[in-house]
Structures are given as C-alpha cells and as structure tokens.
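Model, not experiment: these values are computed from the prediction. The first residue of the sequence shown is numbered 1, and numbering continues consecutively from there. Both ligands and their constituent atoms are indexed starting at 1 by order of listing. Any value given below was found using the heavy atoms of this structure, including those in side chains, with hydrogens, waters and symmetry copies removed.
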Amino acid sequence: MTILFASDLDRTLIYSKNSRGQEVSTEDFVAVEWVDEKPTAFMTNKGLQLFQHIASSTTFLPVTTRTAEQYNRITGLYHTVEKPKYAVVSNGAVILEDGEPLAEWSDKVIAQMQQNRTSIEHVLPQLDAYIKNKFVLNVMQAESWFVYLIIDEHVFSVEDFENLSQIFYQQGFSLSHQGRKVYIMPTCINKSAALQFVAERIAANTVIAAGDSMLDFDMVLSATHGFIPSHGEANHKGGHLPPHVSITTQTGVLAGEEILKKVNDYLL
Ligand SMILES: [Mg+2]
C-alpha cells in the first residue's frame, strides 16, 4: 500500500520567526532554512524528528507556493532523509521530478492560462489602480506564474480583501491573504490538480494532506485525511468542514508538530 503525505510547508510544517508563536523556548527550535546564512524557517526539534520518521517510512510530497529556487533553500528538512523524488512548487504550476520541472505538466498549465486569460500580463494592467492605493506596498511576480501583493497589514481591511476577491474571482482567480501577502492566483494553478497528478503517477492508495491557507483548501478536502492548523486562513474562511478534515488544537509551530504527530500515529 502506498501512502502519500502531501503537505504545504510555510505556516503548516515550517515557520518564520513571526509566525512560529511564543510558546516554545529558543533552544527547542531547529532551523531548516537559511537566507544569506541567517536562519529564516524553523520547526521544533520534536517536529523535525517526527518529519524524518514519516519521510523515511512513507512518500512525502512537499506542495508549496514557493518557487523551485525558494523551495531548494529548505535544506534542513533533508539532512538525514533523502530529498523526495517529487515536489509541487509555484502553487502547482510546476512539478519537480528528481529536481527537474516536468514540461508535460507546466505546458498544460500555460495553455490553460492563455485560454482563460489569467496570465500575468492580464493581471498587471488591472493592478495599476491598486498600486497607487493606500494598502499596496509592492507587486511581486512568482516567475511567470502569478502575482502577489505586499500589503500594509495595518491599513488593509477585510473589505479591501473582499473587493479584490470579487473583481478577480469573476475573471478566474482565487485570492489568498497570508500575513503581508495577498496572492492573486489563476484557478488553473492549484495544488490539488498537481497533487492528483503525482498521486496517480506513484499509484498512491491513501493521501494525507495538510495546509493552512485557502490555496491549500481543495487539496486538504480531496485527501483521504486532511489537516488544517487552527491558525490557518483555511480554518477561518473554509466554512463547514467534513469529518475527514481535522483542525489542530495548537497554533503556530506547535500546530505543525501536532500534524506530524497525528500523521506518524496513522502510519504506526
Ligand atoms: Mg502555508
């Protein structure tokens, strides 16, 4: 039997200094990512141990909105276990197989984006009005795939988010608000379709999926068992959840540890 554990990374398994929470003392953290030799993402020691056990006893699939380059910085996950054969990056626009993008997958995504008119060149002109707006600090591009806004969290309101969502939803985008970032994601770029492709490719019988944001929500719902950290956008905006989806009792980095503990228990 092949069990696939597909998980989002940031704010699900790994946490920045800002998102990790206050409950854990500094010596209980272990860094898993470094930028310019400075640690930027963390797990608990216990969480990393559980992760290593899971990754060596089942198939782990990282499913992240990070680009391949950003994903490859998270070297601390793979010090003692082999890097997984597959990784879903750029929110599902790219599937890495042995570190190389699968062209057959991304070509399909590109064709769909052209057909739906949801490519970056369709989004950028519409954002001009918002760039001058009070809450947008910067407009960023994730390679050629999608756009995300860096917003001023103190000024950005729920209504601002609802307005943006409405405008772009009609045009074929999903929006997700995570801290200082608002993602404007073409609906044809999604984690659940990429996960399904990999699950079929490796003939997985059971899929366990975890994720915190609305960009993870469909993937978590479509799994055999799903986990959402209680601090997650998907918990607050997801509405009624079916019984195969669990919400953690913990928040922050401890929610990540709790998910890994439950996945580990499932595998025993
Ligand atoms: Mg996340």
Side-chain angles (χ1 to χ4, degrees), residues 5-21 31-33 35 40-44 47-48 51 54 60-74 76-77 84 87-96 140 142 145-151 153 161 165 173-185 187 189-195 207-223 225-238 241 245-248 250-260 262-263:
F5 173 44
S7 184
D8 172 51
L9 299 175
D10 294 274
R11 296 187 185 217
T12 298
L13 296 189
I14 69 174
Y15 290 79
S16 68
K17 250 187 187 135
N18 285 334
S19 64
R20 68 189 188 185
V32 291
E33 179 193 31
V35 176
T40 46
F42 305 84
M43 298 173 81
T44 60
L48 183 59
F51 170 79
I54 293 165
F60 173 61
L61 177 69
V63 186
T64 178
T65 305
R66 288 177 175 235
T67 61
E69 191 189 340
Q70 293 164 340
Y71 163 66
N72 284 326
R73 292 199 306 239
I74 314 171
L77 283 178
V88 172
V89 297
S90 298
N91 205 59
V94 176
I95 297 174
L96 301 175
M140 310 288 285
W145 299 114
F146 57 86
V147 165
Y148 58 99
L149 308 175
I150 307 292
I151 49 124
E153 280 181 272
F161 183 75
S165 296
F173 297 88
S174 326
L175 268 74
S176 171
H177 177 203
Q178 302 175 41
R180 294 173 60 237
K181 295 177 184 165
V182 173
Y183 294 89
I184 302 175
M185 191 65 69
T187 48
I189 298 182
N190 64 79
K191 292 180 171 184
S192 67
L195 163 58
V207 175
I208 304 172
D212 66 298
S213 81
M214 285 312 285
L215 298 177
D216 303 303
F217 195 57
D218 287 349
M219 161 175 94
V220 171
L221 284 187
S222 70
H225 298 280
F227 294 98
I228 298 174
S230 56
H231 56 255
E233 182 191 28
N235 182 27
H236 302 118
K237 294 218 178 103
L241 295 170
V245 176
S246 320
I247 308 291
T248 63
Q250 303 274 11
T251 60
V253 72
L254 290 176
E257 185 182 302
E258 183 181 334
I259 289 169
L260 290 164
K262 286 186 173 149
V263 173

### Summary
Contacts of T40 meeting side-chain contact (heavy atoms from CB on, under 4.5 Å) (sequence neighbours excluded), chain-then-number -> E33, V35
### Query
Which protein N, O or S atoms sit under 2.8 Å from the Mg ion (ligand 1)?
D8 OD2, D10 O, D212 OD1
### Nearest-0.5 Å distance that lies between atom CD1 in I14 and atom CD1 in I74
3.5 Å
### Query
For the rings on F173 and F146, is their centre-to-centre separation under 6.0 Å?
no
### Message
Salt bridge check, K191 against D218: does any charged N sit closer than 4.0 Å to a carboxylate O?
### Response
no
### Message
Ring centroids only, cut at 6.0 angstrom: are H231 and Y15 within range, meaning strictly under it?
### Response
yes
### Message
Could you check whether E258 pairs with K262 (Lys NZ or Arg NE/NH1/NH2 to Asp/Glu carboxylate O, under 4.0 Å)?
### Response
yes
